Amino acid sequence: MIASLDPAAPADPAAPAAPALDPADPAFARDPYPYYARLREQGPAARVPLANGTYAWLVTGYERTRAVLADPRFSNVPPQGAGRPKGDSPAQRARACLARHMLNSDAPDHTRLRRLTTAAFAPRRVDALRPRIEELTAGLLREMAVRLRRDGSVDLVDAFAFPLPVLVVGEVLGVPEADRADLREWTYRVGSPADALEPGSVDEAWTGLYAYFTELIARKRRAPGSDLFSALTQDATEGGLDDGELLAMAFLLLFAGYETTMNLLASASLLLLTHPDELTAARRDPARWPAVIEETLRHASPLEGTTWRHTTEDVDLGEGVVIPAGASVLAVLAAANRDPRHFPEPDAFRPGRHMAGAGGTRPAPHAAFGHGPHFCVGSRLARLEATITLPRLLAAFPGLRLTADPAQLPYRPGLLVRGPRHVPVTTAPLPAPAVSA
Ligand code: HEM
C-alpha cells in the first residue's frame, strides 16, 4: 500500500473547502472520527485543504464510499509524476518498479492481473495455511512468554502484531525461513517513514527487496513450491504474469498483507483489553470470535482510507457536489464504517451487532476490505490469521493487561493505515494498594 501515497491536487481557490486537515497531527491520528463526522454531515464529498498546501476530496458516507469504489471514473492509476519517487538512483528505480502493481492499475490491465491473483488465492489454498499459521503463532507466543518473564512487560505490536503477518506473508510468497529476518527488517524500514530512519538504510532496504524478489521469481520459475506465489509464477492463463508484474505483485502482497493485518491484530487486542466484558464473553464462547474480528474491522478499520483515486472526468455526486476531472479523491473507509445511517451507535464497540439477529437478519457489511474491482484479495487470509491468533493470544496470557493509558497511546500518522503504534502489556499482578497507617 505504501507505494500509493500520493500528493493531492493543486489548490483551486474557487471551490469551497472544509476545515484543514493535518494527518501528521498526533491528536488527529488518535481520534479522526469527529472530524470525519463533520465532513459526512456537509454532503457526499468534501474538498479538504491539507497541511502541505494541497487539496483533496474526501468521501466519508457509507453509500457514497461504495459507489465511488465501484465507479470506473475514479481511476487507480497514479497521474504522471504524482507520488512517484524523485531523482534517479538504484533505490528510486527499484521503488518505481515495485510500485507498478495491480492496485495502481485500472481495467483492462487490472482485470487480467486480478483474475490470476484470485485464482492463486483460491479458498482451499488459503485454508491450507492454517497449520502453519498455528505453528507460527505458537512460536511467537512462546517468545512473548520468555520476554514477559524476563522484562515484566512487552509491546504487543512489536512482539506479536507486527511479526505474525510478516511471517504469514513469508508463507504466501514461499520465502525460506532463514530469509524472513531480512524481509522483516526491509519491510520495517520502507514501511515506517514516521520513524525517520537514516535515508541510506531505507534506500538499502528498497534495493534489497528488489534484488531479493528478482531472485525469488527466478527460483520459483525453476522450482515452484506449494505456496501461493509459486502458483502465480506458473499460471500461463492469458500469457501469465511477466517478471516485472510478478516483482510488483510480490511487493504488493507483502505490504497489503502485513500493514493491514498488523493493525487489525493490534487494534483487536487493544479493544478487548479496554472492553473486559467483551473479552470475557469471547473467552467463554469461542463462537463470538468472528464477530469480535468483524467489529474490530468496522470500528478500527485498519485501512483508514483506500489508496488515492483520480477523477477521469467531472463527476456529479448529487446534492450540488461535482468533483472536477483530475481531482485526488480518498474514500475514507474508517468514516464509512462509522456512518450512523448504517451502524446505530457507530462509535460503540459492540461485536454482538455482527451476530445474526431475530429471523437470521444481519447488519450491513462493513467496508473495511473495500468494495468494487479492487476489493481485498486477502480478506479470507486476514480473517483466518485473526481467528487463529487472537483467541490463542488471549488464552495464553489470562492476566494480560495494559500498562499505559489507552487514551494516550500514539497512533500511526497518515490517512492510509490506522492502528496503535504500541500496545504495552504485562501479566504482572496489579501492585497492592497502599495501606495508610
Ligand atoms: C485486516 C487485513 C486487511 C485489510 C483491512 C485489507 C484491506 C484492503 C482494502 C481496503 C483494499 C482495497 C484498497 C483500495 O481499493 O484502494 C485491499 C486490497 C488488496 N489487498 Fe487487502 N487487506 C487486508 C489484508 C490483506 C492480506 C492478508 C493480503 C494478502 C496477503 C491482501 C492483499 C490485497 C491485495 C493484493 C489488494 C489489491 C486488490 C486489487 O487491486 O484488486 N490484503 N485490501
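No hydrogens, no waters, no symmetry mates; every other heavy atom, side chains included, goes into these values. This is a predicted model, so every value here is computed, not measured. Whatever order the structure lists ligands and atoms in, that order sets their numbers, starting from 1.
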> Taking the six-membered ring of F343, is the NZ or CZ of R298 close enough (under 6.0 Å from the centre) and on axis enough (within 45°)?
Replying inline: yes
> Relative to Y33, does R338 satisfy both conditions: NZ or CZ under 6.0 angstrom from the six-membered ring centre, and within 45 degrees of the ring's axis?
Replying inline: yes
Measuring from [atom], which candidate in [options] has the nearest non-hydrogen atom?
{"atom": "atom 12 (C) of ligand 1", "options": "H374, E259, M102, E304", "answer": "H374"}
{"atom": "atom 42 (N) of ligand 1", "options": "C376, A300, A386, A331", "answer": "C376"}
{"atom": "atom 15 (O) of ligand 1", "options": "R309, H371, R114", "answer": "R309"}
{"atom": "atom 31 (C) of ligand 1", "options": "G378, P302, P373, G305", "answer": "G378"}
{"atom": "atom 36 (C) of ligand 1", "options": "V126, L113, L330, V377", "answer": "V377"}

> What part of L264, side chain from CB on, backbone N/CA/C/O, both or neither, has a heavy atom under 4.0 Å from ligand 1?
Replying inline: side chain
> Between L252 and ligand 1, which part of the residue brings a heavy atom under 4.0 Å of the ligand: side chain, backbone, both or neither?
Replying inline: side chain
>> Quick check on the 6.0 Å ring-centre criterion: do W57 and F74 meet it?
In response: no
> So, do F28 and Y35 have ring centers that fall under 6.0 Å from each other?
Replying inline: yes
Which ligand 1 atoms, with their elements, are less than 4.0 angstrom from a heavy-atom of [X]?
{"X": "L333", "value": "10 (C)"}
{"X": "A382", "value": "1 (C), 2 (C), 24 (C)"}
{"X": "G370", "value": "10 (C)"}
{"X": "H110", "value": "39 (C), 40 (O), 41 (O)"}
{"X": "A368", "value": "5 (C), 7 (C), 10 (C)"}

> By side-chain hydrogen bond (donor to acceptor under 3.5 Å, both in side chains), which residues pair with D25, not counting sequence neighbours?
Replying inline: none
>> Pair T65, L333 - check side-chain contact (heavy atoms from CB on, under 4.5 Å), show working.
In response: CA-CA 7 Å; T65 289; L333 302 173; 4.0 Å; yes
Got [X] and [Y] here, is their nearest side-chain heavy-atom distance under 4.5 Å?
{"X": "P163", "Y": "Y258", "answer": "no"}
{"X": "L39", "Y": "V59", "answer": "no"}
{"X": "F213", "Y": "L254", "answer": "yes"}

> Looking only at heavy atoms of V169, does any of them come nearer than 4.0 Å to an atom of ligand 1?
Replying inline: no
> Any nitrogen or oxygen of E385, main chain or side chain, under 3.5 Å from a nitrogen or oxygen of ligand 1?
Replying inline: no
> N/O of N76 under 3.5 Å from N/O of ligand 1, yes or no?
Replying inline: no
Would you give me the side-chain donor-acceptor pairs under 3.5 Å for residues 374-384, sequence neighbours excluded?
from : atom 1 : to   : atom 2 : distance (Å)
H374 : ND1    : H110 : NE2    : 3.2
H374 : NE2    : S105 : O      : 3.3
R380 : NE     : D127 : OD1    : 3.0
R380 : NH2    : D127 : OD2    : 2.8
R383 : NE     : E294 : OE2    : 2.8
R383 : NH2    : E294 : OE1    : 2.9

